[in-house]
Amino acid sequence: MRGASPGSLTDRMPVPFHLAAALDAGLKQAAATAGFDVDRFVPEVRVAAPQHGDFQANGVLAYSKQTKQNPRAAAQALVAALPADLTALAEVEIAGPGFLNFTLRPATLETWLANFGSTATLAAAAAELLAGQTWVVDYSSPNTAKQMHVGHLRSAVIGEAVARIAAFAGARVIRDNHIGDWGTSFGKIIWAYKQALAADRAALEAALAETPLEEFERLYKVGNTTADADPAVLEASRAELVKLQAGAPENTAIWRRIGEVSVAAFQKIYDLLGIRFDHTLGESFYNDKVAAVYTELVACGVAEESQGALVVFHDENPRYSRHAERPNPFIIRKADGAANYASTDLATILYRAEHFRADTALYVVDKRQGDHFEQLFLTAQKWFARTGRPLLRLEHLGFGTVLGEDGRPLKTRSGENIKLKDLLAEAVERARRLVDEKSGELSEAERAAIAEIVGIGSVQYADLSQNRSSDYTFAWDKMISLEGNTAAYLLYAVARIHSIFRKLGATPGDPASEAGASPLESPTELALARKLVQFADAQAQCTGSLRPHVLCLYLYELAGAFSAFYTVEKVAVEDPAIRARRLRLCAHTLLLLETGLGLLGLRTLIRM
RNA sequence: GCAGCUGUAGCUCAAUUGGAUAGAGCGUCUGACUACGGAUCAGAAGGUUUGGGGUUCGACUCCCUACAGCUGCACCA
């Protein structure tokens, strides 16, 4: 390691996308040079609070503790051994008991911005994180014959964001909608359908033509309540179910129609939320695949019979052990021989492993189903181990309940579940009122388009900007509102940057408008540049933890840094060198905001 | 009953998974440029992180305990 002194940075010096990873590597190298026990030294590089520079490394403290050294002396030895390519990137200082603070050199900022300033270069760099991996994301997953309600919102929004984040990080992502399209309820619907058909065929067909999903949902309720009250109806429903399972043409046709109608209605909501599934493989798809699973699980000694059902105990876990006070086995086949949720989920794991060759399967499902997934994954682990299959990574991304402002699960005044369709429509309506107030001069069509993007985006962003695992309180006013960490604030920043380019007759990202840029100088310019560079860390952290709120927070801070810059420094100045460098900052901010919002599933605007 | 999750400013939430003086927004108060878009920006006040104990250089974070809330516990998904 020799050559370049810290000041002699040139354009040819490599500045990597993930600077924290580069610092980490440099520190490990220094540790080896300085004679550290490298197996015990973890640099722990992270983004620092602004007063401590751009990055900090805390690992020296933990290392010194383990090896009983003076942390400051260890830090000094480490700093002395730092490779030149690291010290070329950042200035290093030792602070406090042994923290290492790194401040990126202005030239590092400039080069990073130049290296990753286009959609293509940014995407290529970001895609190294998960390159070569295949991820299945299982989300949304509503039941057919029922309208989606507010309880389906979070899975759809979070799942789509996670899928986009994974794809941006380079994974091959398979979006799978595991719809609930099989089970006892279909016997009841078919029974009620046939009753309605016999009573008044024309009325039924008219209703199904008008609002098909609502009509099937109504029939389901009729079948359900009638069967509850009348054992003979329950028996008749069961008979319809048996006929369906046996493949009787009429029942199969009705069932198929329910599925088509439901998926078509779901797609209208997915369109609003920017969702498009690669596969919609519901429970019925796995119906003929569960028998083989039972056989295997019994053969390899994972499953056993208990009280007539086929179950799996996990004795190593006190909660799922057969010796528990109240045993809670994983039931994979009911005593009546029918499959359940667990059966199809197991078959699904096998299909994803073998057919999709997935390395990872994520389940974006309400956290109340945590026990189910824990048992499912434990079972899959043993099953795959004993049959010699490589186990894929299985993860339940649980999320909390959507609460009303009274702290209770969100419902309508009359206590019904709020239809997702209605909720999204109301969001657009509320946004529309705001748009009319703020931008009354725009055309009707334009205002309608803006209202949709702001309204839907606000719902998505409000959900994503909060840690997914906690319950979240749904408050219209805070969500659509103008200020704070909201979609409107971010969309406004985007629209304002577009406006600057419009005014100057320039195009974002056009090299011509950035040619001859002078080096960044003012505090707000540098602060904005530092925030831009942090994108890579936000992306890495968000991808690693699968928590979209990390990205939301970053984008909010970036928009804030831009607004501060915008207030202090004029872009449209006479001096061409200053104007060029500021335009470049604007273009870069725009690129990252639009990319980031896109990862969250939001559409952006050029005017609002 | 057993188990899991949660408890942070008046309110809604963060805190890079054990790091430096616990940060934002809303609300409250004080300011800013007839504007490259004010859906903006700068600032102030607001905290015994539910209470109590412990672990260590360092705890919102880990352990114990008490309290409060939510959730799950044999054939629904």
Side-chain angles (χ1 to χ4, degrees), chain A residues 20 44 46-49 51-52 56 58 61-62 64-65 71 95-99 101 141 143 180 182-185 283 306-311 318-320 324-336 338 340-342 344-345 365-372 374 398 400-401 403 405 407 434-435 437-439 454 462 465-467 469-473 475 477-478 481-486 488-489 491-493 495-504 537-538 540-542 544-545 547 549-550 552-553 556-557 560 563-564 566-573 582 586 607-608:
Chain A
E44 290 184 45
R46 58 193 62 181
V47 174
Q51 69 269 27
H52 299 131
Q56 58 174 321
N58 305 329
L61 285 169
S64 306
K65 184 180 176 181
F99 296 111
N101 290 342
S141 311
N143 292 329
W182 201 247
T184 51
S185 60
E283 285 160 357
S306 171
Q307 298 178 24
L310 193 61
V311 307
R319 298 167 61 196
Y320 309 122
E325 288 175 44
R326 274 176 62 179
N328 179 25
F330 193 50
I331 298 168
I332 64 168
R333 188 182 63 206
K334 301 196 288 180
D336 65 4
N340 66 2
Y341 193 38
T344 49
D345 270 353
V365 182
D366 193 312
K367 70 176 176 185
R368 283 176 292 194
Q369 292 186 33
D371 283 0
H372 166 78
E374 203 179 344
T401 310
L403 304 176
E405 287 177 79
L434 207 61
V435 174
E437 180 193 319
K438 302 277 183 189
S439 310
V454 172
S465 60
Q466 182 164 147
N467 190 343
S469 58
S470 43
D471 290 348
Y472 115 86
T473 307
D477 294 336
K478 282 178 183 133
S481 87
L482 343 160
E483 288 130 24
N485 189 1
T486 59
Y489 180 83
L491 293 174
Y492 181 69
R496 206 149 65 159
I497 297 172
H498 276 292
S499 175
I500 295 170
F501 280 96
R502 260 198 312 274
K503 277 271 161 49
L504 295 177
D537 299 279
Q541 198 191 324
C542 180
S545 63
R547 293 186 306 178
H549 83 277
V550 172
C552 292
L553 185 65
Y556 176 59
E557 286 172 357
S563 294
Y566 175 89
T567 315
V568 176
E569 311 289 359
K570 198 171 168 75
V571 177
V573 291
R582 291 185 180 160
C586 288
R607 184 177 284 135
M608 70 185 271

Legend entry - Residue met sooner reading RNA chain B from 5', once A/N58 and A/Y566 are mapped to nucleotides: A/N58

Inset, instruction - Output yes if the stacking criterion (under 5.5 Å between centres, under 30° between planes) is met for A/Y489 over the base of B/rA39, else no. - result: no

Legend entry - Atom-to-atom span, NZ of A/K478 to C1' of B/rA24 - whole angstrom: 14 Å

Inset, instruction - Could you tell me if the ring centre of A/H52 sits under 6.0 Å from that of A/F99? - result: no

Inset, instruction - Report which part of the nucleic acid A/S499 touches: base, sugar-phosphate, or nothing (heavy-atom distance under 4.0 Å, all strands). - result: base

Legend entry - C1' gap between B/rA14 and B/rC75, integer Å: 42 Å

Inset, instruction - Please state the C1' separation for the pair B/rA22 and B/rA15 - nearest whole angstrom. - result: 7 Å

Legend entry - Pairwise distance CG(A/L553) to CD(A/Q541) - rounded to 0.5 angstrom: 9.0 Å

Legend entry - RNA chain B: 5'-proximal contact among A/D336 and A/R502 (nearest heavy atom): A/R502

Inset, instruction - Could you check whether A/K503 gets within reach of a base, just the sugar-phosphate, or nothing at all, counting any heavy atom under 4.0 Å? - result: sugar-phosphate

Legend entry - P gap between B/rU61 and B/rU8, integer Å: 13 Å

Legend entry - Ring-ring centroid check A/Y320 A/F330, cutoff 6.0 Å: no

Inset, instruction - Could you pull out the closest heavy-atom pair between A/I500 and A/C586, with the gap in Å? - result: CD1-SG, 4.1 Å

Inset, instruction - Using a 3.5 Å limit on both pairing distances, list the dot-bracket string of RNA chain B from the 5' end; Watson-Crick and G-U wobble pairs count, crossing pairs take [ ], interstrand pairs take |. - result: (((((((..((((.....[...)))).(((((.......))))).....(((((..]....))))))))))))....

